[in-house]
A.B. asks: 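Take a look at the following structure, please.
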Amino acid sequence: MAVSGRQTGRPTLEEVAARAGVGRGTVSRVINGSPKVSEQARAAVEKAVAELGYVPNRAARALAGSRTDAVALVVPETEARLFAEPYFLDIIRGVSGELAAADKQLLLTLIRSDQERQRFEQYLAAQRVDGVLLVSVHADDPLPDQVRALGLPAVLNGRRREDEPVAFVDSDNTGAGRTAVAHLAAAGRRRIATVTGPLDMYGARCRLDGYREGLAEAGLPDDDALVATGDFTEEGGRRAMRELLDRAPDLDAVFAASDVMAAGARAVLREAGRRVPEDVALVGVDDSAVARLMDPPLTSVRQPIEEMGRTMARMLLAEIASPSEPDDQPRRMLPTELVVRASS
């Protein structure tokens, strides 16, 4: 085989897997002594190793047991957004706490351009981390697949699509939208609008789906004039709220797909002389500090954000210790819960 332009006769992990008739992850588990392997598979791998004369090297880190004891947490956002939004800080808190308990180093990486993405891929190819956690991934983001192609374990916060092939931890985003609308409808609201997140993110689309399911269950019409797209920022919430008031001035409730956007919407409603909740009820998502500090305090659908971070870290550590097969990646869905406050 060729490695960096040089020829070498050293058998590879993939060749061992092919000879044994198993996946790459199974070979790794056998070499690492994992109990999560059948005796038949173990015997086949050991036979292939002996026949090929496979010897683990430092480049094959998962087999050699060579670890950097470092994990990268990748956030494809700017510093301003990272530190302005409680969501990211709660994820980091959960991840860092779990990694610290496992004596692992956390490398926080912001990716804001194609150049930074290429530089990070080179960093990963140099095998300087044992695994990667990714937050805020969009539908067309190739980075999770590139990480896996390098043979590194990866876990996503959320997912890019319904059939996400990479391991992920997500929350019940559809349920969040449905629950918010059911609450507003039960309070007698009939013109319920929504400020969505960016619709190239699967979680934002799920919250919109839940909003529409909630309308159907309440017997309310699905009116496109009551849907405005935001971007999970406060300014995005302001823009979307202005758009909604222009198109549907008779709206009497708003479901914003994040607390931060709800704060932007609240500011515009106040500028327009609309009282919350007397004229317009308001519900957000996340149950962050933003929700508790708003005036009036914001009703919000709680995501267990810090727990998502901890779960992501635990899942990644398990994958580093004993990789799963590519078609059997771990997935976790955590529940959401409505927290009612004075805004609705």
Side-chain angles (χ1 to χ4, degrees), residues 1-72 74 104 117-118 120-134 137 140-156 159-169 312 314-332:
M1 65 171 287
V3 178
S4 301
R6 296 180 290 113
Q7 296 294 318
T8 174
R10 185 192 297 273
T12 66
L13 171 65
E14 288 74 17
E15 289 169 340
V16 173
R19 175 68 66 93
V22 299
R24 185 183 187 279
T26 299
V27 176
S28 178
R29 286 192 288 275
V30 170
I31 300 297
N32 282 316
S34 169
K36 297 194 290 186
V37 181
S38 70
E39 287 304 317
Q40 181 180 359
R42 188 183 306 280
V45 170
E46 291 173 349
K47 183 172 183 288
V49 166
E51 289 174 352
L52 292 173
Y54 178 82
V55 177
N57 59 29
R58 291 188 63 83
R61 307 158 1 144
L63 296 184
S66 174
R67 304 291 184 204
T68 67
D69 288 332
V71 166
V74 181
K104 302 291 184 184
R117 180 183 298 275
Q118 292 170 5
F120 181 65
E121 290 169 9
Q122 292 168 358
Y123 184 86
L124 294 181
Q127 307 199 12
R128 294 176 178 172
V129 296
D130 294 327
V132 180
L133 299 166
L134 297 108
V137 291
D140 59 351
D141 193 338
L143 187 57
D145 300 314
Q146 292 164 344
V147 172
R148 294 297 309 279
L150 290 168
L152 286 169
V155 178
L156 309 184
R159 46 188 161 154
R160 295 169 293 176
R161 55 186 184 270
E162 184 175 3
D163 59 344
E164 174 62 62
V166 179
F168 66 80
V169 177
M312 288 170 62
R314 287 195 295 266
M315 190 181 291
L316 186 68
L317 292 172
E319 285 295 296
I320 292 169
S322 182
S324 299
E325 297 289 355
D327 59 351
D328 190 28
Q329 292 294 293
R331 298 166 175 84
R332 287 288 307 277

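Predicted model only: the values in this text are computed from it and were never measured.
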A.B. asks: Measure the spacing between CZ of Arg331 and CZ of Arg159 and express it to the nearest 0.5 Å.
C.D. replies: 9.0 Å
A.B. asks: Passes side chain to side chain contact (heavy atoms under 4.5 Å, CB included), Phe120 versus Leu143? Steps please.
C.D. replies: CA-CA 10 Å; Phe120 181 65; Leu143 187 57; 4.3 Å; yes
A.B. asks: How about Leu152 and Gln127: do any of their side-chain heavy atoms sit closer than 4.5 Å?
C.D. replies: no
A.B. asks: For a quick test of reading the model, state the closest non-hydrogen atom pair linking Ala20 to Ala44 and the distance between them.
C.D. replies: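 In this case the closest contact between Ala20 and Ala44 is CB-O, 3.6 Å.
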A.B. asks: To the nearest 0.5 Å, what is the distance between CG on Leu124 and CG on Leu150?
C.D. replies: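 If I round to the nearest 0.5 Å, the distance is 6.0 Å.
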A.B. asks: Which is it for Ser324 and Glu319 under the side-chain hydrogen bond (donor to acceptor under 3.5 Å, both in side chains) test, yes or no, and what are the steps along the way?
C.D. replies: CA-CA 6 Å; Ser324 299; Glu319 285 295 296; 2.5 Å; yes
A.B. asks: Might you work through the side chain to side chain contact (heavy atoms under 4.5 Å, CB included) test for Val71 and Leu133, ending with a clear yes or no?
C.D. replies: CA-CA 8 Å; Val71 166; Leu133 299 166; 4.0 Å; yes
A.B. asks: Nearest 0.5 Å, what's the CZ-CD distance between Arg19 and Glu15?
C.D. replies: 9.0 Å
A.B. asks: Return the OG1 to CG distance between Thr68 and Asp130, rounded to the nearest 0.5 Å.
C.D. replies: 3.5 Å
A.B. asks: At their closest point, which heavy atom of Arg117 faces which heavy atom of Pro142, and how far apart are they?
C.D. replies: NH1-CD, 4.1 Å
A.B. asks: Mind checking the OG1-CG spacing from Thr26 to Asp328? Nearest 0.5 Å is all I need.
C.D. replies: 9.5 Å
A.B. asks: Could you tell me if the side chain of Pro330 sits less than 4.5 Å from the side chain of Val155, heavy atoms only?
C.D. replies: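 The answer is no; the side chains never approach within 4.5 Å.
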A.B. asks: Judged by atom type as modelled, is there a donor-acceptor pair below 3.5 Å linking the side chain of Arg160 to the main-chain atoms of Asp141?
C.D. replies: yes
A.B. asks: Could you tell me whether Lys47 and Glu51 have a side-chain N and a carboxylate O separated by less than 4.0 Å?
C.D. replies: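 A salt bridge links Lys47 with Glu51.
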A.B. asks: What pair of heavy atoms forms the shortest contact from Gly131 to Leu316, and how long is it?
C.D. replies: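 Closest heavy-atom pair between Gly131 and Leu316: C-CD2, 3.9 Å.
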A.B. asks: Measure across Pro153 and Val147 and return the closest heavy-atom pair with its distance rounded to 0.1 Å.
C.D. replies: O-CG1, 4.2 Å
A.B. asks: Closest heavy-atom contact between Ala154 and Val166?
C.D. replies: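 Closest heavy-atom pair between Ala154 and Val166: O-CG1, 3.7 Å.
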A.B. asks: List the atom of Asp145, the atom of Pro165, and the distance in Å for their closest heavy-atom pair.
C.D. replies: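 What the structure gives for the nearest pair is OD1-CG, 4.2 Å.
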A.B. asks: Just how far is it from atom CD of Glu121 to atom CD of Gln146, taken to the nearest 0.5 Å?
C.D. replies: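 Going from the CD atom of Glu121 to the CD atom of Gln146 covers 4.0 Å.
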A.B. asks: Around Arg148, counting heavy atoms of other residues, nucleotides and ligands shown, do more than 12 lie under 6.0 Å from its CZ?
C.D. replies: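 Counting neighbours around CZ of Arg148, more than 12 heavy atoms of other residues, nucleotides or ligands fall under 6.0 Å, so yes.
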